[in-house]
Amino acid sequence: MLKARMYLDSEYRIGKLDRRIFGSFIEHLGRAVYTGIYEPGHPSSDEEGFRKDVIELVRALNTPIIRYPGGNFVSGYNWEDGIGPKDKRPKRLDLAWRSIEPNEIGINEFVSWTKKVNAEVMMAINLGTRGIDSARNIVEYCNYPGGTYYSDLRRSHGIEEPHRIKVWCLGNEMDGPWQIGHKTAVEYGRLAVESAKVMRWVDPTIELVVCGSSNPWMPTYPEWEYTVLDLTYEYIDYVSMHIYYRKRQEDDTLTFVAKSIEMDGFIKTVASLCDVVKAKKRSKKTVNISFDEWNVWYHSSERDRKVEPWQFAPPLCEEDYTVEDAILFGSMLITLLKNADRVKIACLAQLVNVIAPITTQPGGIAFKRTIYYPFMHASNTAKGDVLLAKLDSPRYDCKLYTDVPYIEGVAVYNEEDKGLVIFAINRSLEESALLEINMAGFDRYSRVEHTILTDNDIYASNTLSDPDRVKPKSLAIDIKDDKKIEIELPKFSWNVLRLIPSSTSTYQS
Ligand code: AHR
């Protein structure tokens with residue numbers, strides 16, 4: 001058995017966890033919207049055509065903010081196409097995903113849906129084919145109370161109260177040649193800052209996210225961030241980061257599940273770039289990170305190449321996630337939490353059908369993919385401050401990296417109810433690990449609730465015919481010595497350890 005040691009002190013903290021780190025993303029792409037969240041005529045659909053079975057699964061994920069409407073889609077999107085009477089809305093060619101967009105769902109319907117799932121909207125604007133004028137108009141339509149052209153247009157559409165959308169993305173992946181209206185860093189930085197200016201003039205309370213690089217392998221990274229931040233720094237609040245990991249043919253499992261190590265380096269570099277520009281500008285403001293697209297994405301690539309273009313809601317990017325994927329996914333979540341001092345928003349990309357934790361069958365069931373569980377566990381239990389934990393673990397070398405810890409984990413402490421939760425993965429395919437948790441400065445704990453996601457078959461997944469093949473198990477462990485707790489982490493597993501204070505009979509989730 002492997003042995004690992006975690007040291008926790010209630011005084012040593014990384015910082016307060018912003019719950020928006022558990023954000024997610026719905027794009028007009030494939031079946032995310034149509035036959036995903038929205039399917040009029042489905043046995044479970046409500047009066048607006050939204051699937052109630054999906055609403056229930058999304059609610060359980062407790063995601064506080066949902067990015068919309070893209071993604072690559074937004075760079076060719078006219079937001080005006082999605083407002084007003086549905087029968088007057090145009091059908092358009094969506095050039096980003098080579099599909100037909102009927103515009104049956106637009107801003108107002110999406111805001112209504114997010115209310116049903118207890119989330120707020122993070123709205124992206126089109127800085128690909130459009131610009132400053134459309135940017136100020138969409139903020140006026142969504143957020144201005146009334147008495148002006150666009151605010152009254154909204155009211156005429158039956159939405160009396162402004163949506164008060166707080167977080168806005170200034171375009172999407174504008175560094176990528178695949179993007180409609182792709183720009184150089186200077187072209188984009190200038191457009192972003194001028195758009196930001198007028199958007200804030202319409203509504204000074206909004207927060208703005210400027211586009212960072214699409215991934216750390218872009219040839220323009222990190223020069224892109226430096227130039228864009230230099231042009232926009234005083235007008236924006238966050239810089240975006242995106243990453244998707246894939247398993248290449250040459251990657252073995254131990255290499256694949258170690259990829260989150262790169263994510264950590266990527267975050268540290270982008271945070272440093274923000275601080276360099278801050279110093280250069282003698283600014284008092286700190287720009288933080290919105291990691292607004294992250295996930296594992298590779299299973300569907302081959303299949304997607306064969307999908308006929310110009311269909312309505314084609315099945316694109318539908319990932320059949322395995323246990324192996326859930327372990328890497330869990331380690332990505334841990335990485336985001338460990339960087340909670342700089343990552344204030346993060347969006348699991350995406351939420352339904354498209355690279356998603358939830359899959360729907362048109363006219364049929366909705367079910368949970370393996371990655372649903374780590375996300376649900378973290379978003380429902382992590383509250384308060386992320387602790388500066390020291391974790392000693394045995395390590396391994398693999399094809400891409402050296403010194404990869406078998407055990408990786410993070411602890412979050414909630415001052416209010418004294419609850420402490422530890423998320424940990426065991427990357428070993430061979431051995432379970434005894435995790436010794438040494439604690440200083442905490443109240444007394446009497447019990448550990450241990451939730452485990454693992455399977456003898458690391459390639460097992462949940463499917464339409466067997467939707468509950470992979471699911472977590474929980475056990476309760478009474479503890480005698482709460483200064484030094486020993487818990488066994490099964491081989492190749494995702495683990496949640498909730499320490500229950502002696503003073504509490506039931507833990508508040
Ligand atoms: O999330 C899927 C796509 O991935 C998004 O549209 C784009 O921003 C990214 O490349």
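When a ligand or atom number is given, it counts from 1 through the structure's own listing order.
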Between Glu48 and Ser112, is any side-chain donor less than 3.5 angstrom from a side-chain acceptor? yes

Examine the side chains of Asn72 and Asn172 and answer whether a donor and an acceptor come within less than 3.5 Å of each other. yes

Check whether the ring centres of Trp224 and Tyr221 lie less than 6.0 Å apart, and answer yes or no.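 Centroid separation for Trp224 and Tyr221: 6.0 Å or greater.
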
Of all residues at least two apart in sequence or in a different chain, which pass the side-chain contact (heavy atoms from CB on, under 4.5 Å) check with Tyr235? Val193, Ala196, Lys197

Sorted by first residue and then second, give each ring pair (Phe, Tyr, Trp, His ring centres under 6.0 Å) pair with at least one member in residues 305-351; sequence neighbours left out. Tyr34-Phe312, Trp294-Phe329

Using a 4.0 angstrom limit on heavy atoms, which residues are close to ligand 1? Phe25, Glu27, Gly71, Asn72, Trp97, Asn172, Glu173, Tyr244, Glu293, Trp297, Gln350, Ile355

Among pairs that include at least one residue of residues 318-334, which meet salt bridge (Lys or Arg N to Asp or Glu O under 4.0 Å), considering only residues two or more places apart or in two chains? Arg31-Glu318, Lys247-Glu324, Asp320-Arg369

